[in-house]
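Values in this document were obtained by computation on a predicted structure and should not be read as measured data. Within every chain, numbering begins at 1; the chains are lettered A, B, ... in the order of the sequence lines, protein sequences first and strands thereafter.
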Amino acid sequence: MKPPPFPRPVDLAAAGALQRELTARVELAGSWAGVRRLAALDASIRRGGPLVAAAVLWDVAAGRVLAVGVARVAADEVFPYVPGYLSFREAPVYLAALEALGAEPDALLVDGQGIAHPRGLGIAAHLGVHTGLSSLGVAKSRLFGEPVGALAEEAGAAVPLCAENAPVGTPCVRGRQVGWVVRTRTRVKPVYVSPGHRIGMNEALAAVLALPRKTKLPEPLRQAHLWAGRARRLGLVGRQDIG
DNA sequence: GCGACAG
DNA sequence: ATCTTGTCGC
């Protein structure tokens with residue numbers, strides 16, 4: 001089912017109000033145990049150029065790319081990049097890429113934060129609520145929340161990412177957990193994982209660690225990154241052939 | 001006022 | 001995100 005058009009607020013105040021409104025609709029329960037096909041989303045942009053996004057359909061059981069959808073959106077049609085409001089810049093082109101994909105994934109894996117956001121609505125959570133699909137965010141750097149405790153150097157290590165944090169402890173002693181700092185590769189900078197929509201905190205971590213990876217990013221997201229760059233450089237649009 | 005700040 | 005050369009390592 002095709003989601004409604006993505007609203008474009010008149011200014012940041014209106015955008016913030018919309019985020020607070022939608023945060024109440026985020027569902028923090030569920031798992032990806034039954035997810036057979038997921039769509040990984042990433043974008044590539046160049047100064048003065050359009051936003052180019054790739055939606056990679058990933059077969060979980062086979063561990064491979066099934067199809068790719070590519071779309072472009074002029075930069076002046078969306079918000080500029082403002083930390084905390086990323087979805088108002090990139091979500092439109094992601095939704096267009098999903099449409100170009102022409103398939104219905106069971107869940108969305110997004111390059112960015114889920115609920116680990118000042119108002120609880122990072123781009124992964126926003127896209128989940130907008131589409132009704134389960135979603136989860138994997139970001140390459142931190143936006144919101146503080147890691148609790150020291151993160152071990154070994155792959156698979158993780159510590160909670162907390163808001164309104166208390167001193168050092170294991171879980172968020174007095175604050176609430178908004179995500180995880182996860183070491184996906186030994187001695188490599190960690191990624192920031194947080195639930196988006198219709199998935200629990202522990203399940204989000206399990207879902208990410210269950211995905212294959214060649215670098216610090218889960219393979220579906222790495223593929224989306226590669227396709228977005230390739231699409232931008234080659235001017236690709238629409239459904240792409242793979243292999 | 002100063003530092004932080006997904007992509 | 002993008003701008004960019006070399007370099008270390010499998």
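Between A:Arg183 and A:Glu153, at least one side-chain N (NZ, or NE/NH1/NH2) sits under 4.0 Å from a carboxylate O, which counts as a salt bridge. A salt bridge links A:Asp111 to A:Lys140: at least one charged side-chain nitrogen sits closer than 4.0 Å to a carboxylate oxygen.
The backbone N or O of A:Ala155 sits less than 3.5 Å from a side-chain atom of A:Thr186, completing a donor-acceptor pair. A donor-acceptor pair under 3.5 Å is absent between the side-chain atoms of A:Gln113 and the main chain of A:Ile115, judged by distance alone.
Across all strands, A:Ile45 comes closer than 4.0 Å only to sugar-phosphate atoms, never to a base (heavy-atom distances). Counting any heavy atom pair closer than 4.0 Å across all strands shown, A:Phe88 reaches no nucleic acid atom. A:Arg142 comes within 4.0 angstrom of the backbone, heavy atoms only, and of no base.
Atom CD of A:Glu203 sits about 10.0 Å away from atom OG of A:Ser134, to the nearest 0.5 Å.
Summarising the geometry, the separation between NE2 on A:His225 and P on C:dA1 is reported as 5 Å, rounded to the nearest angstrom. Regarding A:His117, its NE2 atom lies at a distance of 11 Å from the P atom of B:dA6, rounded to whole Å. Whole-Å rounding puts the A:Ile123 CD1 to B:dC5 P distance at 19 Å. Look at CG on A:Asp42: it is 15 Å from P on B:dA6, rounded to the nearest Å. We find that CZ of A:Phe144 is positioned 18 Å from C1' of B:dG7, with the value rounded to whole Å. Rounded to a whole Å, the CZ atom of A:Arg47 is 14 Å from the P atom of C:dA1.
With B:dA6, B:dG7, C:dT2 as the candidates, the nucleotide lying closest to the side chain of A:Leu143 is B:dA6.
When A:Asp106, A:Leu136, A:Val208 are each tested for a side chain to side chain contact (heavy atoms under 4.5 Å, CB included) with A:Trp32, only one passes: A:Leu136.
Of the residues in residues 188-196 of chain A, none has a non-hydrogen atom less than 4.0 angstrom from any atom of DNA chain B. Near DNA chain B, meaning a heavy atom under 4.0 Å from it, residues 124-140 of chain A has A:Ala139, A:Lys140 in order of number.
One finds no side-chain N or O of A:Arg89 lying less than 4.0 angstrom from the OP1 or OP2 phosphate oxygen of C:dA1. Within the structure, a side-chain polar atom (N or O) of A:Ser141 is placed less than 4.0 Å from OP1 or OP2 of B:dG7.
A cation-pi arrangement is not found for A:Arg119 relative to A:Phe144, the charged atom failing to lie both closer than 6.0 Å to the ring centre and inside a 45° cone about the ring normal.
In this pair, A:Tyr81 does not lay its aromatic ring on the base of C:dA1; centres under 5.5 Å and planes under 30 degrees do not both hold.
In this structure, A:His126 has its ring center closer than 6.0 angstrom to the ring center of A:Phe6.
Both A:Tyr94 and A:Leu38 are members of a single hydrophobic cluster when ILVMFWY side chains are connected at heavy-atom separations under 4.5 Å.
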